[in-house]
Amino acid sequence: MDLLAIGQSVMVQRSNGETHRATITRLNAERDIVSVQWTEADGDKGKDLLLDRIIETNPEIFAPKAVVPPAPTKTLSQPQPQPELQPLPKPQPQPQSESQLQVEVTTPTPLLLPEDPQKPDTETLVRYFRKQLVLHPLVAVGLSGPMKASGIMVCVRKRPLNPKEVAAREVDVISLQPPNMLVVHLLRLHVYREPTLDHQNFCFDRVFDENCSNAGVFNYTARPLIRHIFEGGWATCFAYGQTGSGKTHTMGGVVEGKNQNVMDSIYAMAASEVFSIIQEPESAERNLSVGCSFFEIYNTKIYDLLSPGNKQPLRLQENCQYQMEVMDLIECPTSGTAEVLALLNTGNGARALGKTSANEKSSRSHAIFQIVLRSAISKETYGKFSLVDLAGSERAVDNFSSNSQTCTESAEINKSLLLLKECIHAMGRKSSYIPFRDCKLTQVLRDSFIGKNVKTCMIATIAPGMCSVNSTLNTLRYANRVKELKVQAPVVPPMPPLTAQLSKVLESDATEKRQAADPIGDIPTYTLDGQIYCSLCSQPVTCMPVLCPYFGLSNKKPQ
Ligand SMILES: Nc1ncnc2c1ncn2[C@@H]1O[C@H](COP(=O)(O)OP(=O)(O)OP(=O)(O)O)[C@@H](O)[C@H]1O
Ligand SMILES: [Mg+2]
């Protein structure tokens, strides 16, 4: 099973004897089952296969030459291979400063050139690193207090390799260690030395892997914010990332053929949660009504997506409560999820789309779906939730159009995202001047950042492939800045060189680890807003067992 990886292309045999290529989507090592997916004329197909069947149809992957790691003396750049795993250094708490919080720890691993059949290629090294990560999880140093307290939460979602990337034999260079750590593997070429694989580490409030569904992302991102609007607060959840990284997939729903399945979108899940909370006796006492609006910012102009026939740009104005308001924006009163789904379908259909090298259906505008709670009698705004699907950040090379309209679009998108970043920087510096006025996007989002009772969640979406690694690093650095993390990048155990001997040690170590995974006591916790959190790492304790980087594994219920 170790020779297989999610995203890898393998041959599969159909019941009629026909064989074809398919992509691995899941690996179940306990049951020796490999889930695969492939595309046919009528859509995506998938099935679960026993490992034995995969071995039968893919002998080249399991041939001994590929399995046996290289001999230490020939292949390793370090002259003295170590026979055993070195004990891990204890994480040393270090004094924190703002600049340290942004630093990414880099641990180079000797990389061996793939042209030599005896030497492992980048993919093998990345897989080897992942195995290390299971045995010796990363540890965040200086983690203190509830991460939620800052009012801004930053999560990262990694999408799977898409069929185009799989066909191009792209290597997945992002390793995640849930709940909150992420490693980017980078190939560094040197003039006089062997190339090396560097690892850059990040820590966020939560990371979601390629198998996580939109519902899973919703549970940890938008869902906690909905209670906040019922307490009279302002909430914003926005998706940010490179073009084609999955912002629209996350916020607006999975694209199935020509249509978008809005039922599976964070927009719809948020609305459905609002309708379920409004039924609760406590909310019923407040006598609130729900209204929805949906608009886009395209080339510095605001357009109402719920009035697709009317392509008149709308004005933005500060109201008497000093809040930014889009004038004449349609706000549809809604009383159930079905009505919201109809609105979302109308809005998505009206949205400006284009094409980039990374995405056939690229959003060329920032879309904002708002759920507004109003007092049913006075009609005053009680709480507001803005869900934002930003247009993709893109480099000029990602956009192959020489059309002047497309170039203007791209320039406007990049400018607005840059200004959003400027505002975030200024807020981070506690600057007296924050340049919100400089573009429509920051004007619209102003109240989400500096209002009195605001909570914000950023979902940074990233592509896993090596060819996207620079854009991915840009997104992660942007996300880091938004977070103003209270924790340092995780500590990475030093990587011993990969040898045949070491592979055996790893095998036995893994067995021991599995046996040792017994409850080791009560995990210390605290409760905030009715949710239990681990006091050591601040991750929510929703179900057992809990794996805390400080405490280890606890199967016992918290007191
Ligand atoms: N988590 C995911 N799982 C499966 N497929 C995904 C995932 N995220 C994105 N995709 C697929 O990747 C493609 C691009 O996604 P999407 O349109 O959401 O990107 P985007 O970030 O909105 O790009 P742009 O900025 O260009 O609008 C789509 O075909 C989508 O279905
Ligand atoms: Mg999009």
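Counting starts at 1 for both ligands and their atoms, in listed order. Keep in mind that this is a model prediction, so the values were computed, not measured.
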In terms of atom number and element, which parts of ligand 1 are under 4.0 angstrom from non-hydrogen atoms of [X]?
X: Arg157; answer: 1 (N)
X: Gln242; answer: 21 (O)
X: Pro160; answer: 1 (N), 2 (C), 3 (N), 4 (C)
X: Gly392; answer: 25 (O)

Item to complete: Check Ala239 against ligand 1 and report side chain, backbone, both or neither, counting heavy atoms closer than 4.0 Å.
Response: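 Neither part.
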Discussion item. If I take the Mg ion (ligand 2) as the centre, what angle separates the OG1 atom of Thr248 from the OG atom of Ser363? Nearest 10 degrees is fine.
Written reply: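 Output for this angle: 90°, rounded to tens.
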Is the closest N or O pair between [X] and ligand 1 shorter than 3.5 Å?
X: Gly241; result: no
X: Thr250; result: no
X: Ala391; result: no
X: Glu210; result: no
X: His249; result: yes
X: Ser245; result: yes
X: Arg159; result: no
X: Asp389; result: no

Distance-only side-chain donor-acceptor flag, [X] / [Y], under 3.5 Å:
X: Thr25; Y: Gln37; answer: no
X: Arg21; Y: Ser9; answer: yes
X: Arg206; Y: Asn219; answer: no
X: Glu339; Y: Thr334; answer: no
X: Thr248; Y: Ser363; answer: yes

Item to complete: Going by heavy-atom distance to atom 25 (O) of ligand 1, choose the closest among Glu165, Lys247, Lys164.
Response: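 Result: the heavy atom closest to atom 25 (O) of ligand 1 is in Lys247.
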Worksheet item: Pick from Phe294, Phe238, Phe295, Phe385: which one makes a ring pair (Phe, Tyr, Trp, His ring centres under 6.0 Å) with Phe369?
Response: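 That would be Phe294; it is the only one of Phe294, Phe238, Phe295, Phe385 passing the ring pair (Phe, Tyr, Trp, His ring centres under 6.0 Å) with Phe369.
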Item to complete: Just jot down the ring-ring contact (aromatic ring centres under 6.0 Å, His included) partners of Trp38, sequence neighbours excluded, or say none.
Response: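 Applying ring-ring contact (aromatic ring centres under 6.0 Å, His included) to Trp38 gives His20.
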Worksheet entry | Value rounded to 0.5 Å, distance of CZ in Phe208 from OG1 in Thr250 |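 OG1 of Thr250 is found 9.5 Å from CZ of Phe208.
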Worksheet item: Side chains of Leu225 and Cys457: closer than 4.5 Å at any heavy-atom pair?
Response: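 Of all side-chain heavy-atom pairs linking Cys457 with Leu225, at least one is under 4.5 Å.
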Sequence neighbours left out, cut at 3.5 Å: what donor-acceptor pairs do the side chains of residues 266-275 make with other protein atoms?
from   : atom 1 : to     : atom 2 : distance (Å)
Glu273 : OE1    : Arg223 : NE     : 3.3
Glu273 : OE1    : Arg223 : NH2    : 3.0
Glu273 : OE2    : Arg223 : NE     : 3.3

